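Here the structure comes first, spelled out in structure tokens, and everything after it is commentary.
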Amino acid sequence: MRKEKSKESKLYKIILSRRTIRLFRKIKVSRSIVRNIIDSARLAPSSANLQFIEYLVVDKPSLNSDVFSCVKFGGYVFPRRVPDKKRAPSFYIIILINKNKSKKPDLRDVGAAAQNILLSLACFGLGGCWIANINRIRLRKLLKIPRHLIIDSVIACGPAAEHPILEERADKIRYWLDNNNRLHVPKRPLKEILHYNNFP
Ligand SMILES: Cc1cc2nc3c(=O)[nH]c(=O)nc-3n(C[C@H](O)[C@H](O)[C@H](O)COP(=O)(O)O)c2cc1C
């Protein structure tokens, strides 16, 4: 076993403390950081190592507004967690599936890549919101995405302007906003989801 203060323990803390961020601070994120984040997705595990995922980064202000108009933030508390202009994401990562690289893409690849992105964002002091609720027809048109690239999902990214609170809850799955506009995120308790060996 490694010592408590090892790099692994820092990463573990980041994994536990990462929460979805939907409100951002208006600070530009450098392309070198963005490149590092995408590089972490590139190196994620891939079924049969087919590596069918590609990434479109949108960081131009006029196009950011276009992407914003295609995604839905915070379904359970809609529209109270839709960021206004001052709290909008700095950039977006659009996760694309290249149909020419796999006939039957295993979506577990996307899960692994997206989680690497979310954790890398956290490592660089940034936050992200993975979004599947997208107007894909509109987004394809606005960004001229070619037909052989399937739009899987979008990750809205930037420096966090909110600090959601984690709650252990067996009775609730919906995230909610309190009177101070803090987001609470329920998670099922470990004892309910962890099983050892055989079932009774
Ligand atoms: C596949 C997937 C799709 C999601 N789609 C959306 C979405 O369309 N809009 C949104 O605001 N959040 C979306 N989320 C974020 C979830 O709401 C969030 O992960 C969940 O509430 C748990 O919060 P946590 O990420 O802080 O643990 C999505 C998450 C996943 C994994």
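This one's a predicted model, so the numbers in the text were calculated from it and none came from an experiment. The basis for the numbers below is simple: all heavy atoms, side chains too, and nothing from hydrogens, waters or symmetry mates. In listed order, ligands and their atoms are each counted from 1.
- By the 6.0 Å contact criterion, CD1 on Ile27 is enclosed, its count of non-hydrogen atoms from other residues, nucleotides or ligands being greater than 12.
- Distances below 4.0 Å separate heavy atoms of Lys72 from the following atoms of ligand 1: 7 (C), 8 (O), 9 (N), 10 (C), 11 (O).
- Atom 3 (C) of ligand 1 has as its closest protein heavy atom Ala132 CB, 3.6 Å.
- A heavy-atom distance below 4.5 Å is not found between the side chains of Ile165 and Val185.
- Remark: Asp39 engages Arg42 in a salt bridge, criterion side-chain N to carboxylate O under 4.0 Å.
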Where do Glu162 and Arg81 land on the salt bridge (Lys or Arg N to Asp or Glu O under 4.0 Å) test, with the steps shown first?
CA-CA 10 Å; Glu162 66 165 331; Arg81 228 18 165 211; 2.8 Å; yes
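- Remark: ligand 1 atoms within the under-4.0 Å shell around heavy atoms of Asn133 are 8 (O).
- Ligand 1 places these atoms under 4.0 Å from at least one heavy atom of Lys187: 22 (C), 24 (P), 27 (O).
- The nearest protein heavy atom to atom 10 (C) of ligand 1 is closer than 4.0 Å.
- Taking the side chain as every heavy atom from C-beta outward, Ile53 and Asp152 never approach each other to under 4.5 Å.
- For the ligand labelled ligand 1, residue Arg81 lies outside the 4.0 Å heavy-atom shell.
- Residue-ligand proximity, Tyr175 to ligand 1, at heavy-atom distances under 4.0 Å covers atoms 17 (O), 21 (O).
- Among all protein heavy atoms, the one lying closest to atom 12 (N) of ligand 1 is Arg22 NH2, 3.2 Å.
- Of all protein heavy atoms, the one closest to atom 23 (O) of ligand 1 is Val185 CG1, 3.5 Å.
- Protein heavy atom closest to atom 4 (C) of ligand 1, with residue, atom name and distance, is Trp130 O, 3.1 Å.
- Near Cys129, the atoms of ligand 1 lying under 4.0 angstrom from a non-hydrogen atom of the residue are 10 (C), 11 (O), 12 (N).
- Remark: ligand 1 atoms within the under-4.0 Å shell around heavy atoms of Phe73 are 11 (O).
- When side chains are defined from C-beta on, Phe91 counts as touching Val29, because their heavy atoms get closer than 4.5 Å.
- The two residues Ser90 and Pro159 come nearest to each other via the heavy atoms OG-CD, 3.3 Å.
- At the top of the distance list for atom 25 (O) of ligand 1, counting protein heavy atoms only, stands Thr20 OG1, 2.5 Å.
- Side chain to side chain, Asp109 and Ser46 meet the donor-acceptor criterion of an N or O pair below 3.5 Å.
- A cation-pi arrangement is found for Lys72 relative to Phe78, the charged atom lying closer than 6.0 Å to the ring centre and inside a 45° cone about the ring normal.
- Considering backbone and side-chain atoms together, Gly74 places an N or O closer than 3.5 Å to an N or O of ligand 1.
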